[in-house]
There are 2 protein chains.
Amino acid sequence: MARGIAADDMTTGTATGVAADTTTAAGEAPTRRRATVKDVAREAGVSIGTVSRVIRQESSVTADIREKVEAAILRLGWQPSMAAQSMRGVRSRTIGFIFADIRNPLYAEMVKGAEDLLSEHGYMLIVASSDGRPEREQALIDRFSRWNVEGLLFSIEDESHPQVARALARVDFPKVMIERAHDNADARVCADHYRGTLHAAEYLLDLGHRRIGLISGGRRTWVGRSRLQAYRDAHASRGVPIDQRLLRLDSFSQSYGFRETQLLLGLDEPPSAILALGMRLLAGVLPAVRSRRCVIPRDLSLVVSNDSELAQLATPAISAIRYDPYALGREAAQLLMKNLGHGERLSGTRLEIPTEFVMRESCARIAPNPPAARPDEQQGGR
Amino acid sequence: MARGIAADDMTTGTATGVAADTTTAAGEAPTRRRATVKDVAREAGVSIGTVSRVIRQESSVTADIREKVEAAILRLGWQPSMAAQSMRGVRSRTIGFIFADIRNPLYAEMVKGAEDLLSEHGYMLIVASSDGRPEREQALIDRFSRWNVEGLLFSIEDESHPQVARALARVDFPKVMIERAHDNADARVCADHYRGTLHAAEYLLDLGHRRIGLISGGRRTWVGRSRLQAYRDAHASRGVPIDQRLLRLDSFSQSYGFRETQLLLGLDEPPSAILALGMRLLAGVLPAVRSRRCVIPRDLSLVVSNDSELAQLATPAISAIRYDPYALGREAAQLLMKNLGHGERLSGTRLEIPTEFVMRESCARIAPNPPAARPDEQQGGR
DNA sequence: TTGTACGCGTTATCAA
DNA sequence: TTGATAACGCGTACAA
């Protein structure tokens, strides 16, 4: 009576059969048993083999029997148990995706991209975040493996962590790294951060900037290394030396962006430009800049990565290094599907998503004279 | 020979053991079989029952045997198959979460909140997005059920969709609705949108606004209804009639925000204030406002929901109705855990997350005289 | 074309 | 304390 389900079925169907719960004498928990093939077979008056053949779309079933079975299935609301199917070697049609934090909009986009492509292939995506903790990454890999996922999309936190490497090695489904490089993966998909960063750094250098702050994270990942390398190469190509104190490479977090911006602007020789490379940094950089009554681009030029609504709509609009994370997720999933198709792995495949530089209003040319004494910068007099 | 497991074990003994693959004579696919209890039992020289007892932490196993078994497990890299365990009724320790689109940062926060709480209880969260399509919602519910999830967090798209209602009814685990109301769920957690919207609307009315545009979505959900009700009640309490043309209630999308803002501002009698209630609307509203050379708050007052970095850092900063989606996700998961604990369902529980109004610089007082002719509004006199 | 019986990898119940 | 064995729900040879 608390649950109208059984009652409803009774009145309508020929016989609810097993799916209906056995309400024990008193008003106890209405624990209802899930229907099984046997129940369906009995309900339809056939054998379990026939039921199995019906749901597996085998052609060797006569129309009327098929109808009877399908009706019974509908009546009982039966669905084959994944567990039992899985034990018989039926594929799970499921892909796992592990990354640090779903709150990073980039990952959210990638997840959506992957999910869309996978669903086109009848696959389902299950995601879990690791918080960037290697133990959790390892636990999740193991857990996914126990769930019989058929493949894994993974954005590892520390590419050189031995435990995680071992966990990756011992599972036998294809693995695609996202924005990372790893020997134990079959393929990787990354945005072209090197080129994007190179372009941005050269742009700033060519505007005359000689002290460019770099705020970013991911020291232990391919993304971090590419960006730093591009920053260095740009300086080398323009013959500009790098002041190590301008490098702040320990985190992507908003609070880190805030703190390090303040510190940079407080230096004796503050940078005249900042590269803030990491989705959430901008929301920390902007308040820090404003708190110092610093005006962009007059007092400071700024380039961020990735693009965001905030970068587009801030005043002034912030120039950004952009790429399409949705496409990245989609490509990665695509690669996984290909790998699943071939028995052999297309190992070593490496896909690169292009980056583009979106020029807005956050950068200004700087006078080539040394900023030692600046008598005229009081009110930005023309 | 096809599966070298036994052979490998023999030869290596303590070393890599079974997990290592046996590349068959030619360069064939190194298809590796997963180890099972039997393998472990054989490796450790015990029976499978003992192995099972070891991993289930039963106390009735002597220390030396336990050690032998654990060593064997480590050597073979064995993990009990979820499928087989599941068939024996072992709980999956997994919760499902269904919503429209993970790219909505609110959901991302909720997911994180739920995930954090669940992991404290040894549970794992698996999420999937429905794209707001009822068929997909239904398919996902069924799929989760087949995966033996123990509970479901769900933000249904259309509360009155019969198919989805039936899908919900036929699965027997506890279900908690997120930001929605539904008879077939055991509990619900919502933000107090009514109060938040009421406060915002009254605030605008008290500033003298008489024509307040409302842009939002979710007609078929509790959220949408609460907001509209609050909007109406605020007007009623201030004795202000509502012009139906100011109501734009068909979507939460950014593009909808852009289009409807343009349309509203193009009316013969445009609104003097806009309530944009939906996370992604602001990114559409702002450009639309700017494209009309309309200045906030001089020409238009604006209040949005939910709060965001964009609202905080835009110029001027935008007043917002705020709540904590992380807490919402966490509370919902908490409720689910409670439901799992008790055999009986704490049905009908309803939790409300408080909203607050964050006043910033996007609203201005408006003169009480009718805006029919406005000769002095050329350059914002004074 | 349909039914029967076995096995998948676990857990749990018996005996020993 | 340990070992043998019967389930669990499904897929599938094989028999009818």
Side-chain angles (χ1 to χ4, degrees), chain A residues 17-19 31-70 72-73 76-93 142-143 145-148 172, chain B residues 2-3 5-6 18 32-70 72-73 76-93 142 145-148 172:
Chain A
V18 183
T31 182
R32 161 180 47 180
R33 214 196 67 202
R34 261 179 68 170
T36 77
V37 236
K38 282 184 192 164
D39 302 320
V40 176
R42 190 166 355 110
E43 173 85 7
V46 298
S47 78
I48 60 168
T50 305
V51 176
S52 179
R53 281 186 278 266
V54 167
I55 61 164
R56 301 196 335 117
Q57 320 258 38
E58 279 193 26
S59 52
S60 64
V61 189
T62 42
D64 55 334
I65 293 235
R66 156 162 282 132
E67 271 176 37
K68 276 203 299 189
V69 171
E70 279 168 349
I73 290 177
L76 301 191
W78 174 71
Q79 311 188 158
S81 137
M82 272 244 129
Q85 285 193 147
S86 189
M87 284 200 48
R88 297 293 304 152
V90 173
R91 297 164 66 182
S92 67
R93 305 278 164 186
D142 289 347
R143 193 130 190 190
S145 150
R146 282 161 42 96
W147 275 94
N148 293 314
D172 57 353
Chain B
R3 357 168 294 293
I5 296 180
V18 181
R32 157 181 51 180
R33 213 197 68 200
R34 259 180 68 168
T36 77
V37 237
K38 283 184 189 165
D39 300 320
V40 175
R42 190 165 358 107
E43 173 86 5
V46 298
S47 78
I48 60 169
T50 304
V51 175
S52 178
R53 280 187 279 265
V54 167
I55 63 164
R56 303 197 27 242
Q57 321 257 38
E58 280 193 23
S59 52
S60 64
V61 189
T62 44
D64 55 334
I65 293 231
R66 157 162 281 132
E67 272 177 35
K68 275 203 300 189
V69 172
E70 280 169 348
I73 291 177
L76 303 191
W78 173 71
Q79 310 187 156
S81 136
M82 272 242 128
Q85 285 191 145
S86 191
M87 282 201 45
R88 296 295 308 157
V90 174
R91 298 164 65 183
S92 69
R93 305 277 163 186
D142 290 348
S145 148
R146 281 161 42 95
W147 275 90
N148 292 314
D172 57 354

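Here is how names work: the chains are called A, B, and so on, in the same order as the sequence lines, proteins then strands, and each is numbered from 1. Hydrogens, waters and symmetry mates play no part in the numbers below; they use all other heavy atoms, side chains included.
For the contact set between residues 47-57 of chain A and DNA chain C, defined by any heavy atom under 4.0 Å, the members are A:Ser47, A:Ile48, A:Gly49, A:Thr50, A:Arg53.
Evaluation of the salt bridge (Lys or Arg N to Asp or Glu O under 4.0 Å) test over residues 77-88 of chain B, restricted to residues two or more places apart or in two chains, returns none.
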Could you pull out every donor-acceptor pair under 3.5 Å between side chains of residues 77-84 of chain A and any protein atom, sequence neighbours left out?
from	atom 1	to	atom 2	distance (Å)
A:Gln79	NE2	B:Asp142	O	3.1
A:Ser81	OG	A:Ala83	N	3.2
A:Ser81	OG	A:Ala84	N	3.0

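A 4.0 Å heavy-atom criterion places the boundary nucleotides of DNA chain D facing chain B at D:dT1 to D:dG9, written 5' to 3'. The nucleotide range of DNA chain C contacted by chain A, defined by atoms under 4.0 angstrom from heavy atoms of the protein and reported 5' to 3', is C:dT1 to C:dG9.
Nearest-nucleotide mapping onto DNA chain D: of B:Met87 and B:Val61, the residue sitting toward the 5' end is B:Val61.
The CZ atom of A:Arg146 sits 10.5 Å away from the OG atom of B:Ser86 when rounded to the nearest 0.5 Å. Interatomic distance, OG1 of B:Thr62 versus NZ of B:Lys68, reported as 8.5 Å (0.5 Å rounding). The distance from the OG1 atom of B:Thr36 to the CG atom of B:Leu76 is 9.0 Å, given to the nearest 0.5 Å.
The shortest heavy-atom contact between A:Ala44 and A:Val69 is CB-CA, 4.0 Å. When every heavy atom of B:Arg93 is checked against every heavy atom of A:Arg143, the shortest pair comes out as O-NH2, 3.0 Å.
Nucleic acid contact class of B:Gln79 (heavy atoms, under 4.0 Å, all strands): sugar-phosphate only.
Under 3.5 Å, the side chains of A:Asn148 and A:Ser92 contain no donor-acceptor pair of N or O atoms.
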Inset, instruction - Mind running side-chain contact (heavy atoms from CB on, under 4.5 Å) on B:Glu43 and B:Val40 for me, showing each step along the way? - result: CA-CA 5 Å; B:Glu43 173 86 5; B:Val40 175; 5.5 Å; no
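Where the helix from C:dT1-D:dA16 to C:dA16-D:dT1 starts and where it ends, the local axes point in directions that differ by 40°; five pairs per end, rounded to 10°.
Taking A:Arg53 as the reference, A:Thr50, A:Glu58, A:Ser60, A:Val61 meet the side-chain contact (heavy atoms from CB on, under 4.5 Å) condition, with sequence neighbours excluded. Residues passing the salt bridge (charged side-chain N to carboxylate O under 4.0 Å, His left out) test with B:Arg91 are B:Glu150, sequence neighbours excluded.
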